[in-house]
Every structure is written in C-alpha cells, then in structure tokens.
Trainee: 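Got a structure for you, questions after.
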Amino acid sequence: MAKYLIKRIARSVLTLAIILTIVFILLRQMPIEGYFQNFDKLTEVQIQVGLEEMGLTDPMPVQVFNFFKNLLKGDLGVSRIYRANVPVTEVLKDKIPVSIKLGSAAMAVSLLLGLPMGILMANFKGKFFDKMGTVFIIFIQAVPAAVYYLFIQLYGTKLLGTSLLFNQNDFKAWILPVLSMSLGNIAYYGMWIRRYMVDESTKDYVRLAQAKGLPKRKIMFRHVFRNAFVPLAQYIPTAFLNTVIGSIYIESLYSIPGMGGLLVQVIQKSDNTMVQGIVLLYACVGVIGLLLGDILMVVLDPRISFGKKAGGR
Amino acid sequence: MKKAISLLLCIIMVLGVFTSCGSGNATNDDATYRTLYSSEVSTLNYLVTSTYNDMTCGANCVDTLVEYDNEGKLKEGLATKWEYDEASMSWTFTLRPDAKWVDHTGAEVAAVTANDFVAALKYQLTPEYESANTQNLFGVIKNAEEYYKGLVYKGGADEDGKTWPEIDFSEVGVKATDDTTLVYTLGKEVPYFLSSLVYVVYLPAYAPQLEELGKEFGTDNTKMYYCGAYYMETFEPQVQHVYKKNELNYDADMVYIKTINEIYNAEAGTLAPEMVKRGELEYASIGSDILDDWLATEETKNLVSKERPSTTTSYFYCFNFDPKFDAAYEPDNWTLAVNNENFRKSLMYSLNRINPVAISEPNNPEDYIMNTVTPPTFTFNNDGVDYSQQAAFKSINAKDFFQESEALKYKDAAISELTAQGVTFPVKVLMPYNPTSDNWDKECQVVEQQMEGVLGADYIDIIIEAGPSDSFLTLVRREGKYAFMKCNWGADYADPETWTDPFYQEAGSLGYKYAFLRTAIDNNTASAATVAEYFRLVEEAKKITVDTNARYEAFAAAEAYLIEHALVVPYGISVADYIATKLNVFEGQYAAFGLSFLRYKGQHLYTDFISMEQYEKNSK
Amino acid sequence: MGMKQLSFRHSKEAQLADSINEATKKQAEELSKLSEEELFSFAEFKESEVERTGFSDYSYWGSTLRAFRKNKAAVFLVFVLIAILLFTFIQPLLPGQYDPNTINVNPETGMQYRNVPPGKQFWLGTNSIGQDLWARIWAGTRTSLFIGMSVALAEALIGITVGVLWGYVRALDFIFTEIYNILDNIPNTIILILISYILKPSVTTLIFAMCLTGWIQMARFIRNQILIIRDRDYNTASRCFGTPTWRIVIKNLLPYLVSVIMLRIALTIPGAIGSEVFITYIGLGLPLDIPSLGNLINEGRSLMMSESLRYQLVYPTIILSIVTISFYIIGNAFSDAADPKNHV
C-alpha cells in the first residue's frame with residue numbers, strides 16, 4: 001500500500017511539474033500588453049524596463065526556474081489589470097473559500113439526493129418512480145443549464161421570498177444556487193447507480209446470495225451498492241473540481257464571489273499573471289483530484305491489488 | 001412629555017410623507033441607494049486610471065479645486081478663490097482651510113494642504129507608476145513632459161532622436177507656497193485651464209500616504225484617504241462597494257444621499273430590471289430590447305425615465321486613409337476609393353443614421369443625430385452663440401445628409417472616376433465592431449443593409465467583423481485595421497480645439513490615430529490638397545488665442561470644411577439610456593467633460609421611481 | 001456543462017467495453033471447459049449440414065440492428081433527427097422565407113419590426129432588431145449541427161488513428177500515456193476557454209477548441225481495447241502468417257470497436273452543441289451574423305425576465321432540447337443494442 005501511494009504521488013508531482021512548465025511557457029507567448037495596466041500610454045523604454053523588472057526578458061529556462069522558485073514560496077506574481085498591483089494570491093484568497101463552501105454543499109446535496117434516487121429507481125425499475133426519474137435525467141441532459149438556471153432563479157426566489165442575489169449570511173439564499181449546481185450531478189449519480197444496480201442484479205454473486213436466502217434489501221446495500229459506489233467515489237474529487245469551475249453561470253447569476261467566473265474575467269481583461277495563476281491552480285487541483293480519486297478507490301475497493309494497476313483509471 | 005412630543009413628531013413626519021406622496025415624489029435620503037454594476041474596477045487609484053469605471057470612486061470621494069453645479073456653471077470647490085497673471089500662464093489657488101482627509105471609517109486623518117496636489121502630480125509624472133493620464137499634463141503644466149521623459153530616457157534619446165536630460169521636480173510648474181496656496185505654471189497659454197481642473201489629473205492625494213504606499217496606493221479602500229462628498233466604507237471586489245456620506249466634508253450640507261451600495265452582478269443587464277420590479281434596487285438601465293415591453297405593461301410603465309442627455313461624447317464615422325487590414329479586404333483598392341471625394345460623399349449621403357440610432361432609441365432617434373462633430377451646447381462664444389450654430393455650419397445644419405438621389409449622383413461620378421484609376425467594384429468596406437459594446441453589432445448589421453440597399457451591393461461590399469473585445473481601440477482603430485467605422489471622441493476641455501484632436505495630425509506625428517489624414521498628404525494622394533487645406537485651417541485657428549469669437553469662427557470654418565469634403569461623417573451624441581431611477585438626474589453636477597457626471601453630490605433620493613412625466617418636468 | 005456530458009459518456013463506454021470483454025471471455029471459458037477429446041474428435045457426416053456455408057448464423061451487425069429496431073422510441077427519434085437535419089437545408093428554399101440576417105423593415109413606417117410576437121407574418125416572431133426568428137432558428141440549428149458533427153468526426157478520426165498507434169506500437173505507449181496524463185489532468189473547460197480566447201471567434205475555432213481534448217479520450221479507449229484484443233490467439237496467428245499490421249488492425253480489431261465509436265459520435269454531437277452554448281455565454285462565441293443555437297439562446301436569455309418576450313428564448317431552447325434528447329436516446333439505445341449480452 002505505502003509503496004503504491006509513494007509511486008502514485010511521485011507520478012502526480014512529476015505530471016504536475018510538466019503541466020506547469022508547459023502552461024507557463026505557453027502563457028509567456030501571450031501579448032505583453034497583459035503585463036501592464038495602461039500599456040497604450042507607455043513608451044517603448046518604459047515597457048522594456050517593466051519587462052526587465054518582471055524578469056520577462058531572461059532566457060526561458062531561467063524564467064521557468066524563477067517561476068518554480070517563487071511558486072514554492074507561494075508567490076504567484078502580481079495582477080496588473082484585473083486588480084492592478086494586488087498580488088494574485090491576495091485576489092484568490094478571498095474567493096477560494098467561497099467556492100469550496102459552495103462546491104462542498106453542492107457535492108453533498110447531489111450525493112444525498114442522487115444516490116437514493118438511483119437506488120429507488122433501480123428498486124422500482126419500470127415503475128412510476130423510475131419513469132419520473134428518467135424524465136428528470138433526460139430533462140437535465142437536454143435543456144441547457146444556462147436556461148433552466150435562469151428559470152430556477154426567477155421563480156425560485158419568488159417562491160422562497162428571497163432576494164435575487166446571494167447573501168453569504170442568509171441560509172435561504174444558499175438553497176437555490178446550491179440546488180442548481182447539484183442538479184447535473186444528481187442526474188448523473190442517479191443514472192449511474194440505477195444502471196449499475198440493475199446490471200449487477202443478474203450477476204452470479206447476487207444470485208448466490210439470493211439462493212442462500214439473504215434478504216434482497218441486504219444484498220442490494222451490502223454488496224451491490226458498495227460495488228457501484230467505488231468507481232463513483234473515484235470520480236468525486238474531479239467532480240468537485242468541475243462543480244467549482246462549472247459554477248460560472250450560477251456565480252454570475254447570483255453574484256457569488258467565487259472562483260467560477262474568474263478565469264473568464266481575467267481572460268477578457270487579458271491579465272496575464274492572473275490567467276497564469278488560475279490555470280496553475282486548476283491544474284494542481286485537477287492532478288490532486290485524480291490522485292485523491294485513485295487513493296479513495298484503493299481504500300474503498302478491496303478487489304484492487306497493488307502494483308499491478310496499469311494507467312491511471 | 002418627551003414621549004408625547006416624539007409621538008407628535010412621528011405623526012407629523014408620517015403625515016408629511018403622505019402629503020408629499022400625494023403631490024408627487026418625496027425625498028427619502030436616509031434610505032440606501034442600491035444599484036448593480038457588471039464590471040469590477042481594476043483599481044481605486046484615480047491617479048493612474050483613464051476609465052470612468054475606475055474613476056467613480058475618485059470622483060465621489062475626492063474633491064476638485066473647482067466644480068460644476070447642476071446647470072453647468074463653474075463654482076468654487078476646494079479652492080475658494082483663484083487668480084492668474086497677465087499672460088495667464090501662472091495660476092494661484094487659495095485652498096479652503098477646513099478641508100479634511102478622512103479614512104475608510106470616516107475618521108479624520110489630516111487637513112488637505114496644497115502639498116497634496118503637488119505630491120499627486122509628482123506621482124503621476126513618475127514613470128514607475130504607469131499613469132494613463134500623463135498626456136493630459138504634457139504641454140499644459142510647465143516642464144511636465146521634460147521631467148517625465150527625463151526619468152524615462154535618463155538623458156538619452158527617444159525614438160525620434162530627441163534627447164531628454166533629467167531635470168529636478170522643482171522645475172515642474174506646480175508649487176505649494178504655503179499650506180493653502182497652490183500655484184500652477186503653464187507651459188503654454190491654455191484658455192480652458194480652469195475647466196480641465198475637474199479631471200483626475202488635478203485631484204489631490206494625501207502626500208505622506210502616497211509616499212508610503214507607492215504602487216499600492218488605491219489597491220483597496222483602506223489604502224487611500226478621502227476628502228470628498230463620500231468615503232468608501234466597504235470594498236469587496238465582485239461583491240459590493242459601499243459609500244457613506246462624509247460628514248466632515250466642507251460641503252456636507254449639499255450631500256443628501258447617506259449610503260450608496262453598488263452591488264456586483266455579472267448579468268446586471270438581465271437582472272437589474274427584474275430587481276427594480278421587486279423593489280430590490282433604486283436604479284436599473286432598461287435596455288432597448290425590453291423597453292417596449294416595460295412601456296406597454298401597466299405595472300412598469302411609470303418606472304421608466306431617461307438618463308440626462310449627455311453631450312460629452314460625439315460619434316462620427318471615420319474613413320481610414322491608411323488602411324492596414326488584411327490583403328483579403330483589399331486595402332489598396334480601398335485607399336484609391338477613399339481618396340476620391342465623390343466616393344466618400346456617396347457613402348455619406350447614403351447613410352440613414354436614423355436606422356442604427358433607432359436600435360438604442362426607438363422613440364425619438366432624430367434627437368440624437370447631429371450634422372457637426374462638435375455637439376450642440378458644448379460651448380458658447382462671448383455673444384452667447386452656440387458653437388455648433390456658427391454661421392459656417394449653416395448649410396451643413398440645414399438638412400439631413402441622407403438623400404438617395406444625391407448619393408446615387410455621387411456614386412455615378414465616383415464609378416467613372418475610379419474605374420479610370422483601376423478600382424475594382426464592389427469596393428470592400430471593412431467595418432469592425434466591438435462585441436462587448438451594447439448594440440454595436442446590431443447597428444453594423446443595420447448600416448450594412450441600409451447602405452448596400454441604397455448604393456447597390458455591386459458598388460460597395462460592407463464587411464462587418466467582430467473585433468477583439470479587449471483593447472479594441474488599440475488593436476483596431478489605432479492599428480488602422482478598419483475602412484469605415486464608427487468612432488467617438490470626448491471633450492477634454494471647454495474649447496472647440498478639443499474636437500480637432502481626432503483629425504488633426506502634426507507633421508511626423510500620428511496624433512490620436514483616428515482617420516490617419518496625414519497619410520493622404522504624405523503619399524500625395526488625390527485628396528492631399530483637401531486634407532492640407534483642412535490642416536491649414538486648424539493651424540490658423542489655433543493661433544487665435546485672445547479673441548474668443550474669432551477663434552470659434554476659425555475652428556468652425558475648419559470643421560465645416562472637414563464635413564463638406566466628407567473627410568468624416570458626423571453621426572450623433574450618446575443616446576440617453578432609458579432607466580428606472582429614484583434620482584432626479586437633473587440635480588447632479590453637469591459638465592460636458594471631466595468627471596462631474598459621475599458625482600452623486602447634490603442629488604436627492606426619492607421614494608418612488610421617476611416617471612417620464614416627472615422627468616420632462618424636471619428637465620425644465 | 002461539457003464535463004458533465006463527458007462523464008455520462010465515460011460510464012456508458014466503460015459499461016459497453018465490460019460486456020464485450022465479458023462475452024468473449026465467456027466464449028473462451030466455455031471452449032476450455034471441453035476436454036481434449038471433445039475438442040479434437042471427428043465430426044459425424046450429416047447430409048443436412050453439407051449445404052450450410054457458415055457454422056453459425058449469428059451476425060453481430062444483424063443482431064445489433066434487430067435489437068435497435070425493437071426500441072421504437074429510438075427509431076422514431078432517428079427519423080426526427082434526419083427530418084430536422086434535412087429541413088435545415090430545405091427551409092431556405094421554401095417560398096416566403098426570410099433571410100436569417102436580414103433586418104426586416106416595415107414599409108409603412110420605415111421602422112424595423114422589433115420584437116414582433118409570433119404570428120402570421122413572422123411565424124416565430126422577430127428579435128429586437130427585426131430579424132425573423134424562424135429563419136434564424138433553422139440557420140442556427142444548421143450551424144450547431146455542423147459544429148457538432150464536425151467535432152464528432154474529427155474526434156473519431158484523430159482518436160482512432162492515435163488510439164490504434166498507441167495500442168499497437170509498443171514504443172509509443174509511454175509517450176502517449178504521458179500526454180494523456182497531462183491533457184487529462186487539465187480540466188476541459190479551461191482548455192476550451194483558453195483556445196477560444198487565443199484564436200479569433202469563428203466556426204473553425206470552435207471546432208478546433210472542442211476537438212483539442214476530445215480525441216484523447218477516444219484514443220485512450222481504443223488503445224485499451226486494442227491492448228486486450230491484440231494478443232488474442234487469432235491475432236497472434238495472423239501475425240505468424242505474416243499478415244501486415246495495418247491489415248490486422250483494420251480487419252480484426254476495428255470492427256470490434258465500431259459500436260463504441262458510433263456511440264461516442266452520437267454522444268459527442270449534443271455535447272459539442274452544449275459547449276457552443278457555454279462558449280457563447282462567456283462571450284467567446286460566434287459573431288451575431290452567424291446564427292447558432294448558442295447565439296440565439298444567449299440573446300434570448302437577456303429577455304427572459306419579460307414574459308411577453310420570452311418566446312425568443314423558448315423556441316431555440318426547444319429545438320436544442322429535441323436535438324440533444326434524440327442523440328442521447330439514440331446513442332443509449334444503440335449501445336444497448338450493440339451489447340452482445342442483449343443479443344440472445
């Protein structure tokens with residue numbers, strides 16, 4: 001186990017280093033306008049001096065080295081346009097907790113609603129509940145989130161009697177954004193669990209258990225559900241990340257000061273250091289998400305044997 | 001007894017509210033004025049920014065030496081009196097002694113002194129801080145350019161080979177002779193100097209703090225001090241800004257609204273109107289796409305009024321004389337065509353400006369169209385004659401440009417002349433737009449269809465193209481990557497000279513990079529003589545500094561020449577947006593330039609939204 | 001949005017792959033159960049069997065098709081999709097149609113037909129500058145379907161080529177696996193946003209940006225399948241006989257994967273259409289004079305709060321939903337039908 005973990009983590013670190021280097025070099029190709037607040041108004045000499053000060057005229061290997069050195073110190077550079085002269089970490093500091101809170105809430109809600117929904121659908125396969133669930137899943141798949149989010153906001157706030165906008169301190173204001181954010185994953189989990197449980201129910205081990213006289217409910221929960229949940233668990237960390245990034249719509253609609261729309265905004269303002277900082281953050285979280293997913297799977301699934309696993313997942 | 005009195009007072013107040021409700025719309029200044037914004041400021045540092053969005057804080061939180069009232073009359077601000085020497089090159093301002101700096105809690109920090117103006121100017125002239133506004137100071141404040149460029153080039157030569165020796169800041173034309181006496185020395189005679197003071201470049205900043213924070217000044221609300229009508233109590237980027245009335249301001253009696261809450265929402269355009277309906281906001285812009293619906297619905301039709309008409313900005317279609325766009329759009333062909341006066345005139349007379357304007361203002365589009373570059377009521381000569389009504393403009397103002405028969409006449413003439421020069425038809429006309437500007441994309445579609453409809457698609461082929469949403473002007477207009485495009489210019493000061501800036505280019509200079517008229521002369525094209533004559537007229541006008549009437553007449557002659565020869569197609573002023581607001585927009589400070597229009601000072605908050613009827617009444 | 005759909009696709013594929021493998025495994029197991037004698041014994045001569053040409057009448061494709069046809073809803077939706085696709089081309093040819101980009105002007109007043117509600121003159125009404133919504137929706141559907149199909153095709157082509165190389169050529173395995181690890185680690189949405197930003201907005205840009213990450217999943221899947229199938233005995237035998245690699249790949253391996261590839265294509269199309277809506281929403285989408293479902297929905301969104309104008313959002317959403325549902329249901333039905341388990 002320990003050996004697997006070390007190997008797995010080492011590989012993640014290596015992957016991360018490669019990604020960061022590539023992203024760093026790629027982003028260096030962006031126009032230098034993005035390093036100055038008022039690029040238009042500066043003279044050639046000023047721009048040159050500015051670039052030198054930021055170390056952008058050094059040879060690329062030196063830049064990469066400096067970048068990693070600063071990164072280890074937790075320094076992501078200074079925003080120039082999005083919030084002029086404020087360190088990137090300072091900007092992110094306020095936003096990350098909001099996103100994590102919201103993302104966790106949405107994650108919890110989608111697991112709490114999605115899993116039971118899938119189980120019940122499998123249990124009542126072909127019956128009314130199953131059909132309703134399928135309609136729901138298809139609806140979520142088919143209607144663009146951009147559209148149904150708006151309807152939820154418009155009518156939901158009327159129904160709940162809350163403001164159209166988010167307010168961190170008001171519990172009621174959390175309901176609609178969190179629910180909207182979870183809908184996609186509820187549908188996904190529900191579909192997954194249902195499918196898996198329906199498929200497994202004809203497997204030999206289930207038949208054996210039935211033959212042995214175990215009650216159906218016990219079989220379903222002890223064995224089938226557990227097997228179904230393992231691959232799902234692996235997906236959870238990545239899903240969490242996607243929930244955070246995918247919250248662009250929700251965050252813009254409800255004015256939630258999270259990370260969701262940040263990348264798009266800094267891109268639109270061509271703030272190079274901010275773009276770099278955020279892409280790096282996402283790449284890190286992505287790699288860590290996969291790592292955690294794999295570890296979670298190893299921990300949860302007794303069938304996994306160590307060392308022999310090929311590829312990532 | 002006390003209780004009884006307060007009860008009585010309460011009743012009176014309640015009655016008061018009721019009675020004033022009956023008679024119209026009562027003031028409710030203690031309530032919070034809430035509004036949405038969709039674009040976060042990039043800095044609060046008013047000394048380096050040139051966007052109005054970023055200046056809002058500076059405009060409301062820092063006072064200027066002089067200011068405008070709601071009718072556009074200049075009055076005293078931080079300065080109580082001012083005088084200038086005979087040559088009007090040296091201006092002495094006496095500051096009021098009771099002006100105070102406060103921090104973001106409203107607590108007093110120090111007195112505003114003349115030194116704070118000097119320090120702010122020095123800050124802007126320090127290249128390290130990358131101020132966007134240095135151009136406004138160059139040539140106006142004595143030695144400003146010399147000091148700045150000395151620091152940049154450190155005694156070396158610039159791109160044009162001119163050397164810039166380093167000079168001491170004491171040689172720059174700004175001095176604090178004592179705490180309340182400020183002297184500006186100008187580099188040339190500037191007839192409009194006083195009016196230009198209501199702009200960020202002449203705002204003060206608390207000197208010790210500037211010194212201490214350097215680049216970090218204004219990065220959030222705790223990193224600056226306030227001496228204006230408001231201070232910023234809360235600054236949570238992408239959440240909200242809260243402004244509180246500054247009770248220590250010398251003019252606090254004129255500041256009515258106590259709290260202003262600007263709330264961030266990326267989809268403000270969609271949500272704000274709905275929030276107004278639900279009573280969650282005091283202001284929303286009503287886009288033209290939902291306007292008809294709002295006016296037709298009983299519940300909302302009395303909520304809609306308009307923004308105060310602004311003559312700050314003038315829009316005009318520029319012909320590009322130095323096209324730098326892709327070969328696919330045939331820049332050489334365009335160059336030949338654009339230098340032909342008949343070609344330009346055929347375009348000018350075929351554009352029906354009503355159609356594109358109607359997209360933003362469907363009801364009275366004709367109110368926003370004008371035939372001159374300089375907007376009406378911009379400035380008046382000594383006899384009170386509106387500059388845009390000068391005699392030189394008489395024939396231009398007489399009728400609308402749009403005349404199909406004229407357009408076709410010029411088209412025929414242009415075809416015969418241009419065919420001889422080897423121009424191929426249809427001439428490709430590249431018309432880019434900024435996708436983030438409201439309605440610009442739609443306007444282009446309308447213009448394309450309308451002009452091609454009149455002139456025929458075999459004559460011109462208008463190609464509309466989305467430009468980059470960021471740095472649009474830099475990458476498109478200033479790079480010359482357009483053929484025929486709507487451009488705009490805002491006055492920097494109260495003198496007609498400001499309206500020649502987009503067009504006039506000194507020899508060897510690109511100026512503000514609009515139409516690149518100088519290229520026509522440099523390349524000795526068919527329109528070289530016309531452009532040269534326009535430049536000569538502008539130069540003549542600039543020489544007249546004492547006699548205002550003569551100066552205005554000369555500038556009017558130049559502008560009329562520019563339009564008569566279709567070197568530009570005047571378009572209109574900014575359309576006054578339809579809004580739902582509880583403010584009387586006519587109570588705010590008013591000026592055709594500077595940051596006066598951003599200020600909340602002087603405005604009351606009313607209990608109800610202003611109806612169109614009230615708006616009309618208020619406007620009188 | 002894009003990610004969510006991808007995940008749906010993932011699970012579906014994994015499931016399909018599992019059952020294919022299981023079926024082949026079972027066959028092998030059953031064979032191995034037979035004793036040596038049973039395997040190698042003389043067959044009796046039967047007169048009736050002489051005329052038979054094959055040893056089984058099982059045909060994978062026949063069965064798949066038969067199973068698919070049983071799903072009435074899916075078959076119906078296939079026709080719906082074909083009808084929609086054809087109609088996007090037929091619509092402009094019909095009499096009395098408006099051009100999707102023409103701004104219609106009322107000849108009496110000289111003003112544009114702004115926000116005309118659905119009615120006789122404009123079937124689905126007009127937008128805020130007087131363009132015909134009916135024409136725009138069909139033109140938009142055409143653009144969006146075009147984007148979706150191009151992405152799906154490109155993904156399939158690149159994915160299959162790379163996947164086959166990756167799986168079959170051992171020397172390349174390490175490099176491709178590393179590339180996969182890297183690309184898979186950066187969230188798709190981010191790559192989509194970055195590319196759309198760096199390049200100028202156009203149909204090609206969108207297609208390019210969406211293909212950039214999709215192919216790697218396809219390649220990965222093909223590679224895994226090939227690794228499993230590559231060293232099966234019949235392929236080893238072929239190799240021994242000197243059959244060229246490319247022939248083995250095309251004749252023995254690819255047919256095995258066709259069903260999965262088809263499923264992927266069917267699910268990529270609605271995914272790409274959804275991504276286009278997303279990209280348009282964040283302001284990096286197509287210019288307005290190229291109508292697309294993303295453009296129409298985005299324009300409609302801003303009017304959503306006014307009930308009388310909501311038709312401008314509802315109609316494009318309906319067509320987008322029909323297209324999406326159709327592809328999902330057809331894709332799922334097809335994957336069920338392609339599953340050998342369901343062929344008995």
Side-chain angles (χ1 to χ4, degrees), chain B residues 266-278 284 286-297 299-300 326 352 354-356 358-360 362-363 365 402 432-436 438-450 452-453 462-470 475, chain C residues 98-107 109-117 125-133 136 196-203 205-206 279-291 295 297-313:
Chain B
E267 305 217 26
T270 310
L271 289 186
E274 176 68 20
M275 291 180 70
V276 159
K277 274 195 222 168
R278 297 190 188 185
I286 308 299
S288 61
D289 39 10
I290 59 166
L291 177 66
D292 296 344
D293 186 46
W294 270 58
L295 290 176
T297 313
E299 168 204 3
T300 49
D326 288 354
N352 186 359
I354 299 275
N355 291 4
I359 291 172
S360 319
N363 298 326
F402 175 57
Y433 65 89
N434 183 343
T436 53
D438 279 352
N439 296 333
W440 197 352
D441 48 358
K442 296 177 184 165
E443 277 175 33
C444 284
Q445 287 183 325
V446 169
V447 167
E448 177 189 13
Q449 280 176 29
Q450 194 267 322
E452 287 182 2
I462 295 180
I463 300 158
I464 54 178
E465 191 187 76
S469 52
D470 219 75
L475 298 174
Chain C
Y98 293 93
D99 179 87
N101 278 331
T102 300
I103 292 147
N104 298 296
V105 176
N106 186 338
T109 60
M111 297 301 276
Q112 296 129 18
Y113 283 113
R114 302 171 58 255
N115 295 326
V116 178
T126 60
N127 65 8
S128 58
I129 55 169
Q131 291 166 321
D132 180 40
L133 212 58
R136 281 182 82 75
S196 322
Y197 168 64
I198 294 167
L199 302 172
K200 234 175 37 188
S202 74
V203 174
T205 307
L206 279 183
I279 293 284
T280 311
Y281 170 78
I282 59 174
L284 300 169
L286 296 172
L288 270 189
D289 58 345
I290 308 177
N295 266 339
I297 286 177
N298 209 39
E299 244 182 288
R301 283 184 86 247
S302 59
L303 306 169
M304 142 94 196
M305 297 294 177
S306 287
E307 221 155 314
S308 63
L309 300 176
R310 211 171 279 163
Y311 66 93
Q312 296 185 29
L313 173 65

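Per chain, numbering begins at 1; letters A, B, ... match sequence-line order.
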Trainee: Hey, what do you get for CZ (Arg114(C)) to CG (Leu291(B)), rounding to the nearest 0.5 Å?
Mentor: 7.0 Å
Trainee: Is the shortest side-chain heavy-atom distance between Leu303(C) and Ile290(B) below 4.5 Å?
Mentor: yes
Trainee: Measuring from Glu299(C):CD to Asp441(B):CG, what's the distance to the nearest 0.5 Å?
Mentor: 8.0 Å
Trainee: Measuring heavy-atom distances to chain B, does Ile103(C) have an atom under 4.5 Å in its side chain, in its backbone, in both, or in neither?
Mentor: both
Trainee: In sequence, state the C-alpha distance, the side-chain angles, and the governing distance for Leu309(C) and Asp289(B), and then conclude on side chain to side chain contact (heavy atoms under 4.5 Å, CB included).
Mentor: CA-CA 9 Å; Leu309(C) 300 176; Asp289(B) 39 10; 5.6 Å; no
Trainee: What is the distance from atom CZ of Arg301(C) to atom CD of Glu267(B), rounded to the nearest 0.5 Å?
Mentor: 4.0 Å
Trainee: How many angstroms lie between atom CG of Leu271(B) and atom CE of Met305(C), to the nearest 0.5 angstrom?
Mentor: 4.5 Å
Trainee: What part of Ser288(B) gets within 4.5 angstrom of chain C, counting heavy atoms only: side chain, backbone, both, or neither?
Mentor: both
Trainee: Report which part of Gln131(C) has an atom under 4.5 Å of a heavy atom belonging to chain B: side chain, backbone, both, or neither.
Mentor: side chain
Trainee: At a heavy-atom separation under 4.5 Å, does Asn101(C) approach chain B through its side chain, its backbone, both, or neither?
Mentor: both
Trainee: How long is the span from the CD atom in Gln445(B) to the OG1 atom in Thr102(C), to the nearest 0.5 Å?
Mentor: 9.5 Å
Trainee: Where does Glu448(B) contact chain C at under 4.5 Å (heavy atoms): side chain, backbone, both or neither?
Mentor: neither
Trainee: Say you draw a straight line from CG of Asp292(B) to OG of Ser306(C); how long is it, rounded to the nearest 0.5 Å?
Mentor: 10.0 Å
